[in-house]
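Structure first, then comments.
As the structure is a computational prediction, the values presented were derived from the model and not from experiment.
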Amino acid sequence: MVRTRYAPSPTGFMHIGNLRTALYEYLIAKHENGAFILRIEDTDQQRYVEGAEDAILETLRLTGLNYDEGPGIGGDYGPYIQSQRKADYLPPALRLIESGQAYYCFCTKQRLSSLADERGIMKYDRYCLHLPKEEIASRILSEPYVIRQLIPEGKTTFHDEVYGDITIDNNELEDQILLKSDGMPTYNFANVIDDHAMAITHIARGCEYLTSTPKYTLLYEALGWPLPRFVHLPLLQNDAGQKLGKRNGAISIPQLIDMGFLPEAIVNYAALLGWSPPDNKEIFTLDELTQVFDATNISKSPSTYDVKKLTWVNGEHVKALPPEVFAAMALPYLQAAVKKPGTDYNRLAVITQPRVSLVNECGELVDFIDALPEYDIELYTHKKMKTNPDIARETLKLAISSLETLCDWNHTAIGEAVAIKAEENGYTKGQILWPLRTALSGKPSTPCGATEIAELLGKDESLQRLAIGLKKLEV
RNA sequence: GGCCCGUUGGUCAAGGGGUUAAGACACGGCCCUUUCACGGCUGAAACAAGGGUUCGAAUCCCUUACGGGUCACCA
């Protein structure tokens with residue numbers, strides 16, 4: 001059974017990069033009907049951020065990446081918070097010491113930092129590797145210590161599902177710390193212990209871990225455990241070409257949602273960053289992604305987050321929303337933009353749904369209903385409609401005269417009335433409808449035509465606006 | 001700096017020895033349309049550079065350049 005895990009540390013919010021990692025973990029598991037596990041890696045008490053864990057849980061919930069095992073819901077391999085598994089890390093470390101694959105180290109941080117070169121790069125010199133057993137036995141009782149893994153000579157090769165075989169010379173690797181002086185495991189060590197304990201089969205993570213993966217494989221080998229499959233993901237970068245991160249302008253998922261992006265669109269877009277299906281389809285629901293996702297189609301090169309494409313993807317999802325769902329989502333924005341009594345908000349929702357990329361844009365599309373905005377008479381000029389302010393002055397007069405007496409105030413009747421009038425006086429439909437729409441809305445573009453706007457506004461308001469328009473043109 | 005990875009239009013990306021080098025976003029034009037949008041059509045726009053290997057290289061190899069990652073008692 002395929003088992004994957006998303007293993008964030010509670011140090012901040014989730015941005016699109018984190019979400020993509022979680023998503024791929026989810027998809028790899030779900031594509032095979034496997035299990036997706038959430039594990040919180042809080043072994044660094046210094047960096048712990050209050051509320052970060054809840055924020056992560058919330059983001060996963062909003063985006064529909066439901067985990068099968070994890071904090072809050074438990075599972076057969078719990079607990080799923082590393083600080084609660086503290087007792088599990090010492091035994092394997094001791095086992096490695098017994099077999100000569102790890103050793104105690106009492107070096108102080110001062111001594112360690114004195115080992116650094118001018119660039120601050122250092123490699124442990126194995127000062128404590130050959131300490132006499134008796135000395136170790138007594139110092140353990142009185143001094144802080146760490147446990148380090150003894151990296152063997154040679155080269156280490158591992159296979160990555162995306163990058164292929166990668167070989168690194170072991171002398172590039174330091175005798176890494178397994179257990180810190182506070183008794184907590186380091187990230188690398190806890191990762192290996194827990195992934196094995198939780199029977200994780202696939203590890204997807206950013207390729208910033210590519211060079212440290214040999215350390216993991218060495219650990220698995222030392223402990224005699226089978227290796228999981230590694231799926232390293234190309235980095236996501238910002239416009240400056242830097243790895244996307246909290247410090248590099250990445251915005252959080254809840255923030256994106258606040259901006260009007262739909263969770264399913266964010267998920268859809270995240271999937272496309274570094275992966276594409278064989279048929280090049282671009283719009284997917286999470287279920288559809290689950291069907292077609294294949295880790296072998298993940299690309300090796302980094303990609304850049306592009307809000308324009310996200311916006312387009314969002315627009316596609318908005319259009320696909322059931323009308324009543326869109327109406328419910330749009331209602332607050334429509335109500336804020338249009339306060340006129342008797343407004344049919346469902347109608348406004350129907351009109352705006354196919355025309356917005358972001359739900360919260362629907363308000364500004366219809367805000368002219370409440371109040372006619374100030375506009376320039378140059379709006380009456382339209383080359384294709386063959387209109388200009390002079391023609392508009394005449395056709396507006398015709399429109400007013402034909403509508404004043406119109407009893408049946410609906411857009412069909414309005415359209416017929418003005419069309420006949422225009423024709424009688426030698427004008428085209430466009431020459432009367434363009435000025436009509438302009439005078440009624442005061443905007444260069446509106447979400448529907450002149451006659452619909454007139455119906456929406458009602459007879460009195462419409463005639464009033466036409467009079468205002470005419471007055472502007474007569475000055 | 002050592003090591004690792006990468007480099008196809010502005011962006012996301014197909015293509016893994018023979019293609020007129022797909023498609024999508026954004027941008028321009030045209031059509032449709034009483035506006036906008038949708039839709040349709042269309043335009044401009046790319047294989048980092050140099051060497052090999054080959055009848056033939058975006059594709060394989062080497063070098064260079066550029067970009068990124070990584071070298072913690074952080075994850």
Side-chain angles (χ1 to χ4, degrees), chain A residues 7-11 41-44 46-47 105 107 109 112-113 116-124 144-148 160 162-163 166-169 171-174 176-182 184-188 190-191 205-214 232 234-235 237 239 241-243 269 272-283 297 299-313 315 319 351-352 354-357 365 382 384-385 415 418-419 428-438 441 443-453:
Chain A
S9 57
T11 54
E41 308 220 326
D42 59 345
T43 53
D44 184 0
Q46 316 285 294
R47 292 213 305 159
C105 171
C107 291
K109 289 192 179 168
L112 257 22
S113 58
D117 67 11
E118 62 282 358
R119 281 186 304 275
I121 295 168
M122 72 105 177
K123 188 179 165 190
Y124 185 57
Y145 63 87
V146 300
I147 294 177
R148 288 181 184 271
D160 181 80
V162 175
Y163 290 89
I166 291 177
T167 301
I168 287 184
D169 198 315
N171 64 30
E172 293 291 328
L173 273 23
E174 183 182 51
Q176 62 174 332
I177 290 172
L178 268 21
L179 241 40
K180 300 188 265 191
S181 55
D182 65 358
M184 280 292 211
T186 54
Y187 167 80
N188 291 339
N191 232 255
R205 55 185 2 175
C207 73
E208 65 265 30
Y209 293 103
L210 218 40
T211 44
S212 57
T213 301
H232 284 94
L235 251 21
Q237 35 186 232
D239 294 335
Q242 238 78 39
K243 173 183 160 186
Y269 178 68
L272 260 22
L273 250 20
W275 171 86
S276 64
D279 66 356
N280 218 21
K281 194 179 155 183
E282 297 202 284
I283 302 301
N297 290 330
S299 77
K300 294 184 178 69
S301 47
S303 43
T304 306
Y305 164 79
D306 177 22
V307 72
K308 282 187 191 143
K309 183 118 185 186
L310 204 211
T311 302
W312 173 76
V313 170
K319 287 184 193 97
I351 289 170
T352 52
R355 293 160 215 272
V356 293
S357 298
L365 250 41
H382 191 280
K384 253 181 68 188
M385 296 303 135
V418 299
T428 65
K429 271 166 74 172
Q431 285 174 319
I432 195 165
L433 286 164
W434 179 276
L436 190 58
R437 193 188 60 81
T438 304
S441 68
K443 292 187 125 187
S445 77
T446 50
C448 54
T451 56
E452 283 96 341
I453 293 172

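Residue whose closest nucleotide on RNA chain B sits further toward the 5' end, between Val356(A) and Ala450(A): Ala450(A). Nearest-nucleotide positions on RNA chain B for Thr43(A) and Gly430(A) put Gly430(A) closer to the 5' end.
The OH-C1' distance, from Tyr187(A) to rC74(B), rounds to 10 Å in whole Å. Distance NZ (Lys300(A)) to P (rG15(B)): 11 Å, rounded to an integer number of Å. Atom CD1 in Ile147(A) sits about 12 Å away from atom C1' in rC73(B), given to the nearest Å. The nearest whole Å value for the distance from the CD1 atom in Ile283(A) to the P atom in rA13(B) is 15 Å. A straight line from NZ of Lys109(A) to C1' of rC74(B) spans 11 Å, rounded to a whole angstrom. The separation between Asn171(A) atom CG and rG2(B) atom P is 14 Å, rounded to whole Å. For the pair Leu433(A) CG and rU34(B) C1', the interatomic distance rounds to 4 Å; values are reported in whole Å. Leu235(A) places its CG atom 11 Å from the P atom of rG68(B), with the value rounded to the nearest Å.
A gap of 15 Å separates the P atoms of rA49(B) and rU11(B), to the nearest Å. Remark: the separation of the P atoms in rU63(B) and rA13(B) is 27 Å, to the nearest Å. Spacing of P atoms, rU7(B) relative to rU59(B), comes out at 11 Å, to the nearest Å. Taking the P atom of each, rG40(B) and rA24(B) are spaced 9 Å apart, rounded to whole Å. rG28(B) and rA44(B) have their P atoms separated by 16 Å, with the value rounded to a whole Å. Atom name P, nucleotides rC31(B) and rC36(B): the rounded distance is 12 Å, in whole Å. A distance of about 30 Å separates the P atoms of rC27(B) and rG67(B), rounded to the whole Å. Going from the C1' atom of rU70(B) to that of rC61(B) covers 27 Å, rounded to whole Å.
Looking at heavy-atom distances under 4.0 Å, Tyr209(A) makes contact with a base. At the heavy-atom level, Gly274(A) lies under 4.0 Å from the strands shown only through sugar-phosphate atoms. Residue contacts shown for Pro234(A) are absent, as no nucleic acid heavy atom lies under 4.0 Å away. Looking at heavy-atom distances under 4.0 Å, Gln176(A) makes no contact with the nucleic acid at all. Within 4.0 Å (heavy atoms only), Cys448(A) reaches at least one base atom of the nucleic acid. Across all strands, Met385(A) comes closer than 4.0 Å only to sugar-phosphate atoms, never to a base (heavy-atom distances). Across all strands shown, Leu273(A) has heavy atoms under 4.0 Å from sugar-phosphate atoms exclusively, and none from any base. Ser212(A) comes within contact range of no nucleotide atom at all, as no heavy-atom separation falls under 4.0 Å. Nucleic acid contact class of Ser303(A) (heavy atoms, under 4.0 Å, all strands): sugar-phosphate only.
With rounding to the nearest 0.5 Å, the separation of OH in Tyr209(A) from NE2 in His232(A) is 9.0 Å. Residue Thr211(A) holds its OG1 atom at 9.0 Å from CD of Glu208(A), rounded to the nearest 0.5 Å. The OG1 atom of Thr213(A) sits 7.5 Å away from the CG atom of Asp160(A) when rounded to the nearest 0.5 Å. Atom OG of residue Ser181(A) and atom OH of residue Tyr145(A) lie 10.0 Å apart, to the nearest 0.5 angstrom. Distance check: Leu112(A) CG to Cys107(A) SG gives 6.0 Å after rounding to the nearest 0.5 Å. For the atom pair OH of Tyr269(A) and OH of Tyr305(A), the computed distance is 7.0 Å after rounding to the nearest 0.5 Å.
Of the side-chain N and O atoms in Thr11(A), none sit less than 4.0 angstrom from OP1 or OP2 of rA75(B). Using a 4.0 Å cut-off, no side-chain N or O of Ser301(A) falls inside it from OP1 or OP2 of rC5(B). One finds no side-chain N or O of Lys123(A) lying less than 4.0 angstrom from the OP1 or OP2 phosphate oxygen of rA72(B).
Distance alone, capped at 3.5 Å, is enough to place a donor-acceptor pair between the Gln431(A) side chain and the Thr428(A) backbone.
Shown here, rG9(B) forms no base pair; nothing in the strands shown gives a Watson-Crick or G-U wobble contact with both key distances under 3.5 Å. rU53(B): no Watson-Crick or G-U partner with both key distances under 3.5 Å is found in any strand. Under the Watson-Crick or G-U wobble criterion, with both distances below 3.5 Å, rC74(B) has no partner in any strand shown. In this structure, rC27(B) forms a base pair with rG43(B), meeting either the Watson-Crick or the G-U wobble geometry with both donor-acceptor distances under 3.5 Å.
Taking only side-chain atoms of Arg355(A), from C-beta outward, the nucleotide of rA37(B), rC12(B), rG1(B) with the closest atom is rA37(B). Set against rC3(B), rC25(B), rA13(B), the side chain of Ile168(A) has rC3(B) as its closest nucleotide. Considering only the side chain of Ile121(A), rC71(B) comes nearest among rC3(B), rC74(B), rC71(B). Which of rU35(B), rA26(B), rG2(B) sits closest to the side chain of Glu172(A) comes down to rG2(B). The listed nucleotides are rC4(B), rG23(B), rA26(B); the one nearest the side chain of Glu282(A) is rG23(B).
Looking at heavy atoms from C-beta onward, Asn297(A) lies in side-chain contact with Pro278(A) at the 4.5 angstrom threshold.
Residue Lys123(A) qualifies as enclosed at atom NZ: its count of foreign heavy atoms under 6.0 Å is above 12.
Counting atom types as modelled, Asn280(A) pairs a side-chain N or O with a base atom of rA22(B) as donor and acceptor under 3.5 Å. For Ser181(A) against rC73(B), a side-chain N or O and a base N or O form a donor-acceptor pair under 3.5 Å. The base of rA26(B) lies outside donor-acceptor range of the side chain of Lys309(A), with no N or O pair under 3.5 Å.
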